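Just below is one structure, and these are the notes that go with it.
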There are 2 protein chains.
Amino acid sequence: MTISAEHTRIAALGAAERRVLLELVRRGPQSRVRLAERVGMSRASLTRISRVLLDAGLVLEGEPESPGARGRPAEVLRPRPGAAVFLGVKYTAEHVYLVLTDLCGSLIAETSTPLPSRDFDEALEIGIAAGDGLLGDLDNPSAVGIAVAGDVVVEGGESILRRSGFLGWDGVPLARRVAEHTSAPVTVFNDVNALAGAQHWFGGPRHSPLVVLGVGAGIGSGIVLDDELHVGAHGLAGRVGHSRIGAVLGAQGRPCANGHLDCVHSFATVPAIEEGAGVAPGEYAEAVRRAVLGEPGARAAFERAAFAVGIAVADAVNAVDPDAVAVTGEGVHCLDLAPEVFRQGLADGLEGRTADSVRIERPLFHFDLYARAAAVMAMRELLAEH
Amino acid sequence: MTISAEHTRIAALGAAERRVLLELVRRGPQSRVRLAERVGMSRASLTRISRVLLDAGLVLEGEPESPGARGRPAEVLRPRPGAAVFLGVKYTAEHVYLVLTDLCGSLIAETSTPLPSRDFDEALEIGIAAGDGLLGDLDNPSAVGIAVAGDVVVEGGESILRRSGFLGWDGVPLARRVAEHTSAPVTVFNDVNALAGAQHWFGGPRHSPLVVLGVGAGIGSGIVLDDELHVGAHGLAGRVGHSRIGAVLGAQGRPCANGHLDCVHSFATVPAIEEGAGVAPGEYAEAVRRAVLGEPGARAAFERAAFAVGIAVADAVNAVDPDAVAVTGEGVHCLDLAPEVFRQGLADGLEGRTADSVRIERPLFHFDLYARAAAVMAMRELLAEH
DNA sequence: TGACTATTGTTCAGGGGATGAACGAACTCG
DNA sequence: CGAGTTCGTTCATCCCCTGAACAATAGTCA
């Protein structure tokens, strides 16, 4: 049995089967009766559905777990680890990160490769070669997800990547170009949108609505509504980076591309912090070091960033009223360096509610997080009911 | 056949029947085949469903419309005008407005009554008396919707009205108190949320996602996502009034309740415009008159408001990426007095898109708009699938 | 005028899928 | 070992939707 046909096998599932499989993926191994309760179906239906999933090789029957309980022990169903393999890719201006995950979102393998230039064709070639290497003797993954900063819009029925600023790509048919090298479905996502979708599925207890704020070279957000990622009418939702927020702690910020001195970009991005801390571009780690050591200029830069992020979170909470907000990204240190200032900004921006009432989550940030999120989004796309 | 049992008859409908009725309500009279296409069902199903709706007295069979077309003429189905009557109520600090609408959202009757004080019990009594008067010999409407500025939250399983600033009400069980006087279901809505829901259904072509910005004594927004009103995890979504937006046209604004000099409230509300134009509180009409005559101070106040509204719209577009934005409210004149400044603020705040790409709608504002919106929301609540 | 085409609405047999009830299976407890 | 409990399966049933065939009603064209 080759693994390459898994995406067609999953695609052939009915709506009820998908819901059960999805429940297993999200909440882990469970007995049939618990599944029936959670999904809202009868035990009879679940018997039929689990048989389909078992026959398709998507699910395994685990050993009975009997924790000393009375009655017949439950036979837990679990996703079969090798039933599907998802390839997640994240492009930054300097590297391409790739991960392989299974149906449970667990990491199977990972790699990263530096990009010698920002040339699209070259970067594409390097990414495809790295993907082939990571896949090894697997001919095809079940689905491919690619995360990249920028706007993923649909033009002429095709997914086009636009305004990918840090890479300098604008108007490239990334999804199609990658799809020419594999029989698996390929989907491209805005990186912070992908983070939001992954956090919603695998970031602990499930929150909906959920807002995820990503702080890095830029700043953006992803919104999960009604348990689905909200990308907007044109795929442009979550662009909070240029919101004006006024002076922060009495100071103006770094001019952004639009000439603003007081938008989120002016304070809270990695380049803005670097400039505020007085270090050279690319020396963000040095800025963090100086702030930890107590150097006043560096501390002030991180405090302004923390306050700005607080206001950005407050704006999102005011507008969407989410169940939780997750803040992450490679530039998120300001929340740890100046937590009280972040809280101050949050309280200052909230309308009619206290900072205590906002549930803030802090997913640990690694650089492969975006790639894993892309893999999870590819899985979501495949498992979603269409 | 008494009309009072209509809400139970509608509540007893199945999901498919609701969808068909909803389609008729939203898009007007249609033939069965067109309905089947639009709802995505077979003609056979539609025959069965339409029979149920006809038997329930909810729809009528109109005369065949034959516009010279070939084939058997279609028998159009239409909602029966008297099949249901919805009572919509809007409380402001000075008046209570009431309207009666039918299944198509058409106005049947309306009235308004001044409130001598802001005392909750007195206002309640006046509203109920006015509602009884408007209903006349109808003993009960099919559903009641009440729109009011403030937060409609659920506490202890009950709908509670909080922070209704201009009325001074906080923590009142408005829905329960009104429900004690009628057998119809009563629902309370934030006023701008209600506007959003009504605009989505009866505001011309249907847009989703849709953002509605209401500019009046305060400023707020309502968001329609996936054809449903989004109220957030705690019923607090759409609070954009305290978003910081920085200095506007080089000027600071009126201090808001939180001490901000640069939030939307500082510039774009009726009181802020009054203060900026140098007229006495409550003399908004005079401010409009002076601006029309070209008085510089008044014009500047409306220009700042227009710019601020432009930024507020831009923030909403950036975050949600809606299909359209509707701007309305009793303080919306700034958009007509300074359209180019509004456009300037919009362009200034947008991230990665032009002002031309944003579809702006301008529903005509009458003071009974909120009450009609409340009636529509009551209908939505009754027709929604549960 | 009469055959022909086009479109609408209804009927009817059939099927897919969900379900409640009954039952067998597997385990604990006393 | 029997009683009690919980889990999974089977089966008859039901609900609802659908495709196909058919009747009804119009315009079109020779």
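So that the names make sense, note that chain A is the first sequence line, chain B the second, and so on, each numbered from 1. Here the structure is a predicted model, which is why all the values come from computation and not from measurement.
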query: Which atom names give the shortest non-hydrogen contact between A:P209 and A:D321, and what distance separates them?
result: CG-O, 4.1 Å
message: Rounded to whole Å, please give me the gap between CG in A:L13 and C1' in C:dG17.
response: 16 Å
query: Does the side chain of B:L383 reach to within under 4.5 Å of the side chain of B:W201, using non-hydrogen atoms?
result: yes
- prompt: Of all residues at least two apart in sequence or in a different chain, which pass the side chain to side chain donor-acceptor pair (under 3.5 Å) check with B:R19?
  reply: none
- prompt: side-chain contact (heavy atoms from CB on, under 4.5 Å) between B:H207 and B:E361: does it pass, once the steps are laid out?
  reply: CA-CA 11 Å; B:H207 300 295; B:E361 308 216 323; 2.9 Å; yes
query: Which atoms form the tightest heavy-atom contact between B:L53 and B:L21, and what is the distance?
result: CD1-N, 4.2 Å
query: Could you state the CG-P distance from A:L77 to D:dG8, rounded to the nearest angstrom?
result: 8 Å
task: Verify the contact: side-chain N or O of B:R32 to OP1 or OP2 of C:dT10, cut-off strictly under 4.0 Å; return yes or no.
output: yes
message: Please pick, from C:dT7, D:dT6, D:dG27, the nucleotide with the shortest atom-to-atom distance to any side-chain atom of B:R72.
response: C:dT7
message: Please confirm whether the shortest side-chain N or O distance from A:R34 to OP1 or OP2 of D:dT6 is below 4.0 Å.
response: no
query: Heavy atom of residues 37-47 of chain A under 4.0 Å from DNA chain C: which residues?
result: A:M41, A:S42, A:A44, A:S45
query: Which comes earlier along DNA chain C counting from the 5' end, the contact point of B:R70 or that of B:E75, where each point is its nearest nucleotide?
result: B:R70
field: Distance in angstrom units between B:E17 CD and D:dC15 P, rounded
entry: 14 Å
B:R48 side chain near D:dC17 phosphate (N/O to OP1/OP2, under 4.0 Å): yes
- request: Please state how far atom CG in B:L35 lies from atom C1' in C:dT7, giving the value in whole angstrom units.
  value: 16 Å
query: How long is the gap from CG on B:L35 to CD1 on B:I49, to the nearest 0.5 Å?
result: 9.5 Å
